[in-house]
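Below is one structure, written out as C-alpha cells, with a few remarks after it.
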There are 2 protein chains.
Amino acid sequence: MQNRAIIDHVTPQINNGRFAVKRVVGQAVEVTASVFGDGHDYLRAVVEYKHEKAKKWQQAVMNCVNEGDDLWAGSFNVDKQGIYDYQVVAWIDQLLTWRNGFLKKQADGQKMDVELIIGANLLTATSKLYAKSKAKTITAAIKKLGGEEVAAIDYVLSPEFEQLIADFPLRQFETTYDHELQIKVGRHKEIFSTWYELFPRSASPDINRTGNLRDVIELLPRVEEMGFDVLYMPPVHPIGKRNRKGRNNATNAKPGEPGSPWAIGSDEGGHKAILPELGDIKDYKALIKAAGAKNIDVALDLAFQCAPDHPYITDHPDWFIWRPDGTIAYAENPPKKYQDIVPINFETEDWKNLWEELLSVVIYWCKAGVKIFRVDNPHTKPFRFWEWIISATNKQFPDVIFLAEAFTRPKVMAELAKRGFQQSYSYFTWRTSPAEMREYLEELSQTELKDYMRPNFWPNTPDILAYEMMGANSNQFVKRLLLAGTLSGNYGLYGPSYELGENRGNTTGKEEYYDSEKYYARHYDWSYRNRTTDAYTRLNRARQEHPALQQTNNIKFTDSDNDQLLSYIKWSDDRSNLIWTIVNFDHNNPQGGRISVPHELIVRQHFRVRDLLTGDIYQWNAGSNYVLLDPGKWPAHIFEVMD
Amino acid sequence: MQNRAIIDHVTPQINNGRFAVKRVVGQAVEVTASVFGDGHDYLRAVVEYKHEKAKKWQQAVMNCVNEGDDLWAGSFNVDKQGIYDYQVVAWIDQLLTWRNGFLKKQADGQKMDVELIIGANLLTATSKLYAKSKAKTITAAIKKLGGEEVAAIDYVLSPEFEQLIADFPLRQFETTYDHELQIKVGRHKEIFSTWYELFPRSASPDINRTGNLRDVIELLPRVEEMGFDVLYMPPVHPIGKRNRKGRNNATNAKPGEPGSPWAIGSDEGGHKAILPELGDIKDYKALIKAAGAKNIDVALDLAFQCAPDHPYITDHPDWFIWRPDGTIAYAENPPKKYQDIVPINFETEDWKNLWEELLSVVIYWCKAGVKIFRVDNPHTKPFRFWEWIISATNKQFPDVIFLAEAFTRPKVMAELAKRGFQQSYSYFTWRTSPAEMREYLEELSQTELKDYMRPNFWPNTPDILAYEMMGANSNQFVKRLLLAGTLSGNYGLYGPSYELGENRGNTTGKEEYYDSEKYYARHYDWSYRNRTTDAYTRLNRARQEHPALQQTNNIKFTDSDNDQLLSYIKWSDDRSNLIWTIVNFDHNNPQGGRISVPHELIVRQHFRVRDLLTGDIYQWNAGSNYVLLDPGKWPAHIFEVMD
C-alpha cells in the first residue's frame, strides 16, 4: 500500500482487456494512459511488452505529453505474428523528484551540502535495484556527489546525470495497470487486400458447358492483370438435392438446375467435399497453388448450415431442431421459409462435438492451403463459438484470416470483430453522400473501432445491388470502385457483374440483382475489357505501389468549397507516402471547387501532386487549390503528394 | 458455452466496477446496457440488485429502448444506506421467440397444430424452472394449448398469455455481465448541503477577547436564520508553537499571535485535542448538540499534517522524513518553504500503524458526533489511503460525509471522488463567463462524473479570493452566490468575509485575501445584516422548499438571445418541481433578452412563473419570453414554474 502512482484510461484496450487489440506485423502500438500521483513528486512510467514466445519483457519509456491532463504516451513496434502481452507500470521516482528540487533550490541560492548527501543516499538505494555490472556506473556517480561541492553540484546539474537517473530510475512502490492487455498480431493482408468474387460454375470459356475449378485457373492471369490478390468463390461443396431452389429463387428447382451454393451437403458429401461438377480436391489444391504463384489467396466460403440432405443430419440428428411431427426445422424468418437450408442448433447438448467437428472443417481446408475464410452470416451463430474457432485456428495457422459477412446492427458487427474476425463487411455499400461517407470513415478510423474492426468495402456482392446502383451509369460504377479502393485498405467486388455495369434490381423491390447468379450458372465473355476493368487496374496498381493506401486508419478529410467533392488524405505510418484523393459525388456533371491544404500534413508553400490514374502532374500551393472533376472522364483524382 | 446473449456497455459503472457508483437514499438507478444475441431469436434482460444486508436478489425488468442500437434499460430505487450489488442478466428466450413466430405464422394463415405442440413443450420446460406453487399456473396454460385448436390459438394470441410468459420466462443459458458492480448509497446531505465557514477564534462578541466554541454556539441562530445547514470551522486543534507563522504569513509569529490553525499539534496535543483557547471537548460536543437541534451539521477540518511540535513527531519519528543533518523535512515546494508544517511520509514502512492511527482520529471525532469532514489537501496523500479510511469509517458510521478540498488537475479531482469522497470542491470559483459555466455544468451532470463526483460550489474560501472577485461590487457578490446555490446542490461560503464584500487581494498577486484571517483572530459585528445576508436567506429558503434545487444533475440550459444571460432549468426526480434560473452575468448594467422555453420540459402553451427571490409572478408563453435583469436590484430570477 506504499505505492502511490495511479494508472487509468489506458489505450488501446478493448473491454478492459477482455479482447485483444489487433495489429499487423511492423505496426506501432501507441500506448497512452492517465498517470499521476498524490502530491508534487515526479513520476516515471513505462510500457512493458512481450511476445507470447519470448522469455523477457521489453520496455518502452512513456513521457508526459499533456501535463494538465496527466496524459502519458509511449510506443513500441510489433514485429512478429502471434499474441503480445503489454502493461503500463508507473511509480513515484524519489531520485527524479530530488533532482528537480535540487535544481530549484540551487537556482534559489540555497545551501546544497545536505542535498548532496540526500542525493547520494537515494543513489545508494537505486544501486541495490540493479545488477552489479550496472551498479558500477551508479557507484561512480555516488562518489562524485561525495566529492568537492562545486564539482558535485555541476555534476548533478549536468545532462549526463539526468541521463544516468533516466537509465537507472529508482523504481520502488510500483503500480501496474490492473487489467492484462493483449495484442494479436497478424499478417499485412489483414489490413490490405483486394478481392475479386466469381462463381466457378460461371467460369467456363465454353458456352456449351458450365465452369469448374480448372476453368478458374485459366482466369487467374486476368485476375492478376487487374491487380486483385484475393480470389473469392461462393461455396464449392456439394449442393443439396432435396428442396433445391430454382432460378430466381423458385421454391423448387427444375431438373438440371444447379441450386444455391449456400445450400451445402448432399449424398455427395458435406463441408469437406467438393461439388463433383466443379472438380475434386486435387483441382482445388491446383487452383490454390496456381493462385499462390501469382500472390493471390483463394478465399473459401465458410457457411455453417446444411441442405436437408447433408450427411450431418443423419450422422448427428441432435445438432438440429426436430419438430414434434418428425420433420426437421429449416431456416425461416416467419412468414419467409428457406426450405433448402437447415440451421445448426448451437444450443445442442452435444455442442462440444459440434464445435470440434466445425473446427475440423476449417483445419481441413487450412491444410489444403486455404488462408482466408469468408464467413457467411456469422451473426447467426454464437459469438463465443467464433472466438473459440478463430483462436484455435490461428494457434495452428497464424496466417489465416476470417472475414465476417455480417450486414447487421452496429453492436453486432463490432462484437464479431472483437471476438476475432480479422476483417468485416461494412456499411460502405449504403453510404452515398460525401457527408455520410466522411462520418462513417471517421467513426471507423477515430473511435475504438480502429483497434479491432478492419472494414472491407464492397460496392456490390451477389446478394446486394444497393438502391444507389440500380440504373446507375458507368461513371457511378467507376466512382464507387475508386471510393472503395482509396478509403479502405480492404475492398472487393463481385467482379464479372460489376464490370458489365449490371444495374437491374429484382422484382421484389429489395436490394438484389434481377435473375441472381446465385441460382444458375452464367456465361461471361472473360476476354471482356472496358472502362471499369481499366479503372480496377489503375486503382489496384496505385494501391500496390503506395503504402498510404494499404491501410484504413491514417486518414484525414480536408475541406472543399463544393459539397459534392469529398477530399481525403491518407499516409503511410512513416508519413513518407501521402495520397490525396478527391472524388466528385455527382456522377452526371463536372464539379469544380477549391480544396484546402491541411497544414499539419503538408507544410511546404509549394508542392506537386501527380494523379495516379492519369499520370498528370499539377503544381499546388499552400492554402487551397482548384480541381475540376468530369465524371465522364475520371470521377476522382488520386494524387500522390510529391515534393 | 450454450449461452448466446451478449451484455456490454453497462451504465452506470466506474472503471468496470472497480469503484462504486454513488447514490443517496430514495434515488433511482437507471441501468442501461447493450444486449443482443446471434440470429433473430428474442431476448430478455433483467437487472438484479441486492443491499449488502439483504439475503435475496431483487429484480427489475429491462426493456429494449433502441432496437437499432441494441440498447436496453431498466431501473430500481435504492432506499437504504450502504452498499448495493447489481448485475445485468440476459438470455435468449425460446418461449418468447416461439410466441412471436406463432403470431406471424398465424397471421400468414399457416397450419398451427404442430406449433401448439412446440409451445406446450416449451411451457413444460419452463414449468421445471419454477417452484411448484407457481408451476401450477404454467400447467394450466399447457392444458389450454393442448385443448381445442381455435381456443388454444386465441389463448396464445391473448395478452393474458403474453403476460404469463413475461412473468415466467424460459430462463436458460443465461449470461451475466462480467463485472461486479456496486452502488454506495448515502444520506441526502451528500447531494444537498449549504455550508457556512467561520473561524471560531473570530466568533467573540467582545472586542476585548478572542472567540471560542461557546461563542460559536451563540452564533447558531444567525447561521440558522440565513438558512445554512453545515457549519464548517478550520481546525480546532492545538496550533504548533515552533515555527509558528505570523500575521500576513510572516515567517515568525510575534508573541501572542495565534498562528495558522492548519499547523496542527503542540505540547497541548494533536489531532484528537482541542486548542485550549477555543475550549475543550465538552464545548465541542455542546456545539454539535446545539447545532444538531437546528439541523446543522458541524464539519471538522481534517488536515493530516503536523506542526513541528506535534506529539507524533516524537512518538512516531519514522512517520516523517528526516534529513541527513538530523532536521525534519518540512513542507516545501522549492523555493517556497512552509516551516510551520511537516508532511507525513506515507511511504513509511510503518504505514499500517500510521493508517490505523489516522483512522482512529476520524473515529474519535465521529464518536464525538461529527458527521462531516472537510478534508484538507487530500491530493497530497495517497489515493488508496483515502479509499480505505472512507470505507472503514462509513462501515461504522454510514452517515459520515467527506468533502475533498482539492483544487488541482481534473484527473486528480476525479480520482479522489472515485475513491469515495462524497463531495468535492470544484472549479466553479474560476468559471466566470456564461459559456464556461454552462460547459462546466454539462461536464459535471452529463458525463460519467455525474455518477461519482458531487461538486460543492464555493464563491470564496479563506484561501481563495478569485481574481474575478477582486474589487468586485455587491452585485457581483450576490450574483456569484445565487449562481452557486442554484447550479449546485452543495454550496458554501466563507461567510463573514463574503457578507462584508471583502474584495482586496494580497500583495503577492495571488488569488488570496489581503491580511488573511488564517493568521490572526478577527472581530466581526455579528449583528450585521445587509443585501448579501438577505440574498443568502432568500436563496437558502428557496433551496429548502424546492427539491429541484436539492441536487445537481437534473439540469438543462436553455437558449437566450443575449449572451450575458445564462438560463437553466432544474427539476426534481419526479419532475413535479421545476425551477428556472436566469442570471445576468453583467454585474454593472441591466440586461434583457428573450429566453427559449424547452418544449421537452414545459409542454403547456401558457404558464406562470413565480420569482422565489421577490415573489413576483409572470404570465409566460410557449416559445420564448422576455426578461430584464437589473443587477442593482437582483442579478437573477429564480422562478418556480407553476401551472
Side-chain angles (χ1 to χ4, degrees), chain A residues 1-4 6 8-9 15-16 18 34 36-40 67-70 92 94 100-105 107-108 110 113-114 117-118 121 172-173 178-179 323-325 327 332-335 343 346-349 351-352 355 378-385 388 409-412 415, chain B residues 1-4 6 8-9 15-16 18 34 36-40 67-70 92 94 100-105 107-108 110 113-114 117-118 121 172-173 178-179 323-325 327 332-335 343 346-349 351-352 355 378-385 388 409-412 415:
Chain A
M1 300 305 249
Q2 291 153 285
N3 59 329
R4 295 160 50 207
I6 302 293
D8 200 355
H9 311 109
N15 286 58
N16 329 306
R18 167 69 181 79
S34 299
F36 53 90
D38 57 274
H40 307 289
E67 281 194 32
D69 203 31
D70 294 297
I92 303 250
Q94 294 296 1
N100 281 298
F102 190 99
L103 301 190
K104 288 177 194 157
K105 289 173 183 174
D108 188 46
Q110 299 186 13
D113 50 350
V114 179
I117 301 172
I118 294 173
N121 292 346
Q172 55 183 2
F173 310 137
D178 61 358
H179 293 278
R323 291 160 51 88
D325 62 355
T327 61
E332 58 181 337
N333 188 9
F346 281 87
E347 287 181 359
T348 175
E349 285 184 22
W351 64 270
K352 227 168 174 171
W355 286 26
H379 56 298
T380 61
K381 289 100 197 170
F383 299 95
R384 287 164 182 272
F385 166 71
W388 175 81
R409 307 183 306 283
K411 292 285 194 302
V412 176
E415 187 74 17
Chain B
M1 300 303 248
Q2 291 152 284
N3 60 328
R4 295 160 49 207
I6 302 292
D8 200 355
H9 311 111
N15 287 59
N16 329 307
R18 167 68 181 81
S34 300
F36 53 89
D38 56 275
H40 308 289
E67 283 194 30
D69 204 31
D70 294 296
I92 302 247
Q94 294 296 1
N100 281 297
F102 190 98
L103 301 189
K104 288 177 194 157
K105 289 173 183 174
D108 188 45
Q110 299 185 12
D113 52 348
V114 178
I117 302 172
I118 294 173
N121 292 346
Q172 55 184 2
F173 310 135
D178 61 358
H179 292 279
R323 291 159 52 88
D325 61 356
T327 61
E332 59 181 336
N333 187 9
F346 281 86
E347 287 181 359
T348 174
E349 285 183 22
W351 64 269
K352 226 168 175 173
W355 285 26
H379 56 299
T380 61
K381 290 100 197 169
F383 299 95
R384 285 163 182 272
F385 165 71
W388 174 81
R409 307 183 306 283
K411 292 286 194 301
V412 176
E415 187 73 18

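Each chain gets a letter, A, B and so on, in the order the sequences are listed, and its residues count up from 1.
For chain A, no part of B:L103 is nearby; none of its heavy atoms comes within less than 4.5 Å. Neither the backbone nor the side chain of A:T327 comes within less than 4.5 Å of any heavy atom of chain B. With a threshold of 4.5 angstrom between heavy atoms, B:N3 approaches chain A through its backbone and through its side chain. If you measure heavy-atom distances from A:K411 to chain B, the contacts under 4.5 Å come from both the backbone and the side chain. Heavy atoms of A:E332 lying under 4.5 Å from chain B belong exclusively to its side chain. Both the backbone and the side chain of A:I118 come within less than 4.5 Å of a heavy atom in chain B. Looking at A:D178, only its side chain comes within 4.5 Å of chain B, counting heavy atoms on both sides.
If you tally non-hydrogen atom pairs under 4.5 Å between each of B:D113, B:D325, B:D108, B:N16 and chain A, the highest count goes to B:N16. The candidate from A:E349, A:K352, A:R384, A:K104 with the greatest count of non-hydrogen atom pairs under 4.5 Å with chain B is A:R384. Between chain A and the residues B:H9, B:R18, B:H40, B:R323, the largest count of heavy-atom pairs under 4.5 Å involves B:R323.
Remark: A:D8 pairs with A:S34, B:N15, B:E415, B:K418 by the side-chain contact (heavy atoms from CB on, under 4.5 Å) rule, at least two apart or across chains. Looking at residues two or more places apart in sequence or on another chain, you find a side-chain hydrogen bond (donor to acceptor under 3.5 Å, both in side chains) between B:E347 and A:R4, A:Q94.
Using the six-membered ring where Trp is involved, A:W388 and A:W355 have ring planes that are tilted, between 30° and 60° apart. Between B:F383 and A:F36, the angle of the ring planes goes over 60°, which puts this pair in the perpendicular group of the 30/60° scheme.
Rounding to the nearest 0.5 Å places CD of B:Q172 at 10.0 Å from CD1 of B:I92. Rounded to the nearest 0.5 angstrom, B:F173 CZ and B:Q2 CD are separated by 4.0 Å.
Comment: A:R409 does not engage B:D69 in a salt bridge, judged by the lack of any side-chain N to carboxylate O separation of less than 4.0 angstrom.
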